Amino acid sequence: MVKTTKGMNIPLNRAEGDLEIRVEIEDGVVTEAWSAGTMFRGFEAMMQGRGARDGLVMTPRICGICSLTHLTAAALALDAIAGVTPPDNAHRLRNIALMIETIQSDIRQAVLMFMVDFANKKAYGSHPLSEEAQARYGALSGRTAIETIRESKRLLQVVAIIGGQWPHTSFMVPGGVTSSPDISKILQCRMIIDGFRAWYERTILGCSIARWQEIVSVDDLYAWLLEKEAHRESEVGFFLRFAKHAGLDTFGRGPNRFLSYGNYPLPQATAVSGQGARLTRAGYAVGTEVFPFMPGKIAEDISHSWYEQNGEPLHPFSGRTKPYASGQSGRLYSWIKAPRYDGEVVETGPLAEMVIDGNPLFCEMIEREGPSVMVRELARLVRPAGLLTPMTTWVDELLAASNDSFYHPVKAIPDGEGAGLIQAARGALGHWVKVEDEKIAHYQIITPSAWNGSPRDGQGRRGAWEEALIGTPIRDIDNPVEAGHVVRSFDPCLVCAVHCLDKGGGKGGLRIGPGR
Amino acid sequence: MTGCIICIGNRFVAADAAGPAVFDRLREMVLPQGVDLVEGGLAGLNLLPFLENGGRVVFVDAVCGFAGPGEMVLLTEREITGTTSQVHYDHGAGLPYVLAVLPQVADGEPPEEIFLVGLEGECSMETIDQAARLSIAVAANGLMGSG
């Protein structure tokens, strides 16, 4: 038996500067894993004592990729405290902006961060699709990589138009939004979204969204793949062919429990339908069995995190963030807390949304084979197919109702507490806020990567991607691309990196990194 | 010619706060006509729209290994792209990556000149002030002197 303990922070640094993964490998298979967030963030402490609305300006700057998601969560928390329901047009604009951010993140992550590994010659030189993978995803020149950057850049213009500022817009406020775009601006948005949709259908899906949504089973999926060359040659088609041959459907299981807060509040008058007043459903799932989501069941365990230990796991309305990094050497190993739902380890993200929404294709995949790298990444790659049509509907509704209100006045934020719970691109994001005397008395944030990348809890249970790493085959210990696939399938976002242009080159680089 | 000063960095991380500090200083100053100021923050690839309008672009950011602690350095586009070997996009995708893909993805006109005002290590307010003034001078005049 060959037992090797290996720190794999260096290959993963390509994805995340502040994430370190350590694994034990026996006979070429991962048998133990520890994931450490290596940077203390401390936003919670930074927020205390500031003006009640400061979260709208500060939290979007936590992350360069998820800026709007933090803004949305901050605004929803203040809506709740102020007891205000924004007008329909505000919901539409907020939803459109958040969808844009999610869609651009999904395709960038899938193509530029995940599928780029298919072009790893050392790992996949003998894969029959290796040459084609180089042409599609090769760094700085791959056909799909370049198209992805260009098309996602164009799509983000919508946020600049409706947010009135780029980057760092704070156009969402308690009571609604600060912008009320005129019809020409809304038409511009419509044209940009239509252009993106045409590219997404042509290049990513290889078919219309309507055709893709006819796929409701695994048999349908593989029949679709065989149906046309356009399907096989699309990014989804290529992903399936490459991933299946590489065995990405055979590892990366994780806890097989899922959490989604649900997302995109529906306007009162809208043609878009959803579940529980939202487009996507909130829930907790064990396998594919879905239970109602109860926010009171969230608690943060800090038994293995570098924080002052204070007994039992606490709900984020009660939790504290006091760093304490000395003592208990070895047991504490991460700056990330360990959020748990009803005491359980959960996965969040696009796959969780698919399961909890009851998507028949993904539910069948989970029931037949369980979660895997392939299923998790496929969920991300095709999530935009479910967002683009409702988004277009809301743009059209804005055109018809452009003279209606975008804001219900909120003069002062009263004392109280509120939570903003949404689905960010990477999964469940929550801001828990208490306000006293128009100042922030308490602010706790649980990010998606805290759910997915948590350390162990008081019961010794591994975090979601720690668990998903167990059983991963590693063919080449010096090029552990399989472990990278597992962690990247969760789309980890732990940086907010210290960045500087490093004369030494290589690992440092000029990082412009976002949230955790 | 127009100029655009883009200050990048993370104002919540002390070692990365030089760019935002210069941004705050520049906001207190009167900028010459035709020079814009952008808080680039952590936007990475999302800064591409600012690189499609021709003119001059001056980035302001922390650097490592170019000067003594607390000092300032002015780098050209060639020096920026020549410094690192980052060829992969990631959540921390940096300026070299953005500049490398720019010619292939730009919808508008790429900048005629690109510079980086770099700040090394912990900088005094005096250095921040000098960096702000240098950024304005470079954005307004460039090195080719076309005005």
Side-chain angles (χ1 to χ4, degrees), chain A residues 13-18 39 41-43 46 58 60-65 67 104 108-109 111-113 116 139-141 145-154 156-157 160 166-168 491-515, chain B residues 8-20 38-50 52 59 61-67 73 75 79-80 82-107 116 118-121:
Chain A
N13 266 354
R14 169 161 95 49
E16 295 310 324
D18 295 326
M39 180 188 273
R41 309 291 304 283
F43 291 106
M46 219 181 282
M58 291 186 68
R61 287 165 168 80
I62 288 176
C63 177
I65 291 183
S67 172
Q104 65 85 23
R108 282 185 183 174
Q109 197 279 343
V111 173
L112 304 178
M113 295 188 219
V116 68
L140 302 180
S141 61
I146 293 300
E147 281 187 26
T148 295
I149 296 171
R150 188 192 301 123
E151 296 298 329
S152 59
K153 170 180 70 81
R154 289 175 178 162
L156 280 165
Q157 290 173 359
W166 184 258
H168 302 135
D491 190 7
C493 189
L494 285 123
V495 288
C496 198
V498 176
H499 67 72
C500 56
L501 189 63
D502 189 342
K503 201 169 190 178
K507 204 169 115 182
L510 179 70
R511 293 185 176 281
I512 306 177
Chain B
I8 50 184
N10 183 352
R11 61 172 67 242
F12 300 138
V13 177
D16 190 21
V38 174
E39 184 187 10
L42 307 168
L45 279 180
N46 296 341
L47 294 175
L48 281 168
F50 298 107
E52 300 180 324
F59 291 99
D61 196 9
V63 295
C64 181
F66 288 88
V73 63
L75 302 176
E79 288 169 309
I80 300 166
T83 47
T84 75
S85 57
Q86 183 187 16
V87 295
H88 288 292
Y89 175 68
D90 57 35
H91 284 175
L95 198 46
Y97 184 92
V98 172
L99 296 183
V101 299
L102 176 65
Q104 302 173 81
V105 301
D107 285 313
L116 172 65
L119 294 121
E120 184 91 26

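The sequence lines fix the lettering, A, B, ..., with proteins before strands; numbering per chain opens at 1. The figures that follow rest on heavy atoms only: side chains count, while hydrogens, waters and symmetry mates do not. Since the model is a prediction, treat every value here as computed from it, not as a measurement.
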Check: Just by distance, do the side chain of A:R150 and the backbone of B:Q104 share a donor-acceptor pair under 3.5 Å?
Finding: yes
Checklist line | Heavy-atom side-chain proximity of A:I149 to B:L48 below 4.5 angstrom | finding: yes
Notebook entry, point to check: By a 4.5 Å heavy-atom criterion (distance strictly below it), what part of A:I146 contacts chain B: side chain, backbone, both, or neither?
Noted result: both
Checklist line | A:M58, part contacting chain B, at a heavy-atom distance under 4.5 Å | finding: both
Check: Side-chain contact, heavy-atom cut-off 4.5 Å: A:R108 with B:L45?
Finding: yes
Notebook entry, point to check: Going by heavy atoms in the side chains, are B:V38 and A:P167 under 4.5 Å from each other?
Noted result: yes
